[in-house]
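Just below is one structure, and these are the notes that go with it.
One-based numbering, in listed order, for ligands and for the atoms of each. These figures come from a predicted structure and were not determined experimentally.
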Amino acid sequence: MADDSKGNGGETHQRAGSGARLTTNFGVPVSDNQNSLKAGSKGPTLLEDFVLREKIFHFDHERIPERIVHARGSAAHGYFECTDPIPELSRAALFAEKGKKTPVFTRFSTVAGGAGSVDTPRDVRGFAVKFYTEDGNWDLVGNNIPVFFIQDAMKFPDLVHSVKMEADRGYPQAASAHDTFWDFVSLMPETLHTVIWAMSDRAIPRSLRMMDGFGVHTFRLINDEGRSTFVKFHWKPRLGVQSLVWDESAKLQGADNDYHRRDLFEAIDAGDYPEWDLAIQVISDELAEELPYSVLDATKIVPEEKAPLRVIGRMVLDRNPDNFFAETEQAAFLPSNIVPGIDFTNDPLLQGRLFSYLDTQKSRLGTTNFHQIPINAPKCPFANMQRDGMMQVMVPKGRANYEPNSLDEAGEEAGPRETGDQFATYKDNAQLGNDGSEKLRVRDETFADHYSQPRLFWNSQTDNERAHIAGAFVFELSKVELEHVRARVLSLLQNIAPELGERVAKGLGMDLPEPATPAREPVDLGSSDALSIQKNWNDTLEGRKVAILFAEGSDKGMIDGLKSDIEGKGGSVMLVAPRVGEMELKGGKLAADGQLAGSPSPLFDAVAMVLMPDHVEKLKKDAAACAWVSDAFAHLKAIGHCPGSKALLEHCNIPSGEGVVPNDEFVEAASKRYWDREESLRDLP
Ligand code: HDE
């Protein structure tokens, strides 16, 4: 067999280790890496300087095109472990045995912004997992929201053009709050289900470690007998789903551009490995037939009440990439990467994706041989008759580069052969009422109901979550300058829920237009608690970050006590003070991890203060100190205080009460957010 499986990087790219002599790319030792070659010390630089030329030539070509969508992302290595095998449903090797581990590489991303944009805009997040299975790579390229904006691949370029920076002015960056996006939404009611999720707190996650992931499309599992079962894939974070509040996420864009990237990297670096359960929703053919919408429609969920989640494995991310470019940037995910035991469905969005991603990888990575880059190469052997191309790094042996051949049927020279019992596409195309006999540019009529599921989502939220959703619509539409677009969105929102339309209209100061006429009458789907973040909120300190503010003369014993109690409950602590150098405290010396103005409270999940009265007097004159506590209060966080620091709260008009507690009650209080506080703080729509 031709030895194609080796040589994908390894031997040809020998890089010397640390302390080795510096050389050019061709191995020539470099004697001076500081100065270019000149004709005399004041003379011009010589063309002959191949060392300078090579160094700058390489530098000039360091960038590759960023991803057209999902350009900003962060990734990590880890493994998937099967915890509940499903051989009755799928022959996939990775689901075959309890305890079986498969390496993974997982990349999280925002959608709209460029590679250098901020981490915390209101946006859908990408959740792409590459499983390096023994039968090849399986890429589950999903999002943190279970539905998508559009039903048919044909609309994707329009959707993306509308949400990215506007064509003439080149802004706004990483934001959906602008005319063209809402113009598109207002003309395409199929976007509404994803839009209502995107206006909920799902689109402002607290951490990449605290978001759900969804395969979005319905897939098939195929068992040994060739039987197909519809499934949806769900990732559930062990830390629970947690979100920010909007003002906090906007302030985080200033406080730390890299808030999510840093959080993921630091957690893994500290051995605090993020973990998700992988669950499947099994959708029987009967259920699929009986639902009032199609399981092939990516704008619809199948409620957990109809098809419960079954956990089949877990993913642990336990290793940061060694090099951001080589791994995270060059990772090429392909929904068409599928393994025996899993198959596609006729979802017209998925079908389009199967086409698109190969093209994009060729355009970004420059060659059809992008599969040879180590992060993309399978970890199992691979062999075929595909040859040559730009940047070919493999050196296949043997004469035969075609198949069939008869050079030596049994020996080395003949090369690889097909194996009929491996991946075979599921044949039945006549399911779910599909008439495969004609080719049509149509959408099945079951795809035409765009309101029932957004209404289900709205009905499932807490009052506070509804206020956030209405508030997000008001914020976004207030940035829309085209009056007729605002009005058109309002006419759609009323079909989701009259109350939503009214609240948004009031928030914008507009009259409510007539509701739009639905293409298909909505049906009543009740409500589902699984769709709410707050109803499922984990009261825990695990994975959360707490700040303790102190200054000269503070009580070190109290700080140490708080710190160890917080860490004992799985939280992490950052010590913040007006300056970072070591300070004399009551009971010993202490240095802060961060300076007050540079460590604003949006960076933390809860804050406590240990301050002496004389320092509080100084802090009262410090705008950063007042903003620190006021923001923590406005972002619904717990605030702990000692008798001295209480004066600062009073100075900033922060009342005691739920979540604003003496330090001895702080650790208990810090695991929550205080949603009820919001009503007294903001004029919620
Ligand atoms: Fe993508 N998408 N997409 N997408 N997508 C890309 O591929 C595309 C869709 C998703 O971390 C691109 O490598 C089309 C749905 C993620 O590298 C591009 C259609 C879902 C990522 C592309 C869709 C996604 C991408 C850009 C409609 C959720 C980032 C660069 C037919 C289920 C993966 C690239 C990573 C990336 C095309 C729809 C998720 C342009 C044509 C639906 C998570 O090929």
Quiz item: Within less than 4.0 angstrom of ligand 1, does G142 place any heavy atom?
Solution: yes
Exercise. Look at ligand 1 and say whether Q351 reaches it with a heavy atom at a distance under 4.0 Å.
Key: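 No; Q351 lies far enough from ligand 1 that no heavy-atom distance drops under 4.0 Å.
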Practice problem: Could you tell me whether R443 and D297 make a salt bridge, using a distance below 4.0 angstrom between a side-chain N and a carboxylate O? | Solution: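 Salt bridge flag = no for D297 with R443.
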Quiz item: Is the distance between atom 1 (Fe) of ligand 1 and the nearest N/O/S atom of S356 smaller than 2.8 Å?
Solution: no
For ligand 1, which atoms sit closer than 4.0 Å to a heavy atom of [X]?
X	value
G126	43 (C)
A153	31 (C)
V216	32 (C)

Exercise. Walk me through it: do T180 and H178 pass the test side chain to side chain donor-acceptor pair (under 3.5 Å)?
Key: CA-CA 6 Å; T180 56; H178 58 112; 3.3 Å; yes
Quiz item: Does the N or O separation between R67 and ligand 1 drop below 3.5 Å for any pair?
Solution: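 In this structure, R67 places an N or O atom under 3.5 Å from an N or O of ligand 1.
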Quiz item: Is there a nitrogen or oxygen of R364 sitting under 3.5 Å from a nitrogen or oxygen of ligand 1?
Solution: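 N/O-N/O distance below 3.5 Å does not exist for this pair.
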Exercise. Select the closest option to atom 23 (C) of ligand 1 among F214, F355, F156, F149, judged by heavy-atom distance.
Key: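 Considering heavy atoms of F214, F355, F156, F149, the nearest to atom 23 (C) of ligand 1 sits in F156.
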Give me the atom names and distance for the closest heavy-atom approach of [X] to [Y].
X	Y	value
L264	S74	CD2-CB, 4.2 Å
S527	N459	CB-O, 3.6 Å
L456	S528	CD1-N, 4.0 Å
P292	L525	CG-CD2, 4.2 Å

Top protein contact for [atom], by heavy-atom distance:
atom	result
atom 35 (C) of ligand 1	R107 NH1, 3.1 Å
atom 39 (C) of ligand 1	R353 NH2, 3.3 Å
atom 40 (C) of ligand 1	T360 OG1, 3.6 Å
atom 1 (Fe) of ligand 1	Y357 OH, 1.9 Å
atom 25 (C) of ligand 1	H70 CD2, 3.3 Å
atom 28 (C) of ligand 1	N143 ND2, 3.2 Å
atom 13 (O) of ligand 1	Q361 NE2, 2.9 Å

Quiz item: In Å, rounded to the nearest 0.5 Å, how long is the span from NZ of K427 to OG1 of T425?
Solution: 9.5 Å
Quiz prompt | From L309 atom CG to E304 atom CD, the distance as rounded to the nearest 0.5 Å | solution =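 Answer for the CG-CD pair, L309 versus E304, is 4.0 Å.
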Quiz item: For R310, which of L278, V231, I280 qualifies under side chain to side chain contact (heavy atoms under 4.5 Å, CB included)?
Solution: I280
Self-check item: Audit row: R314, T83, side chain to side chain donor-acceptor pair (under 3.5 Å) steps and yes/no
Solution: CA-CA 7 Å; R314 64 185 194 124; T83 53; over 6 Å; no
Exercise. Indicate, as side chain, backbone, both or neither, the part of V141 found under 4.0 angstrom from ligand 1 when only non-hydrogen atoms are considered.
Key: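 Looking at V141 and ligand 1, atoms from backbone and side chain both fall under 4.0 Å.
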Quiz item: Just heavy atoms, cut-off under 4.0 Å: does L349 contact ligand 1 by side chain, backbone, both, or neither?
Solution: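 Both of them.
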Exercise. Decide whether N257 and D119 meet the rule of one side-chain donor and one side-chain acceptor closer than 3.5 Å.
Key: no
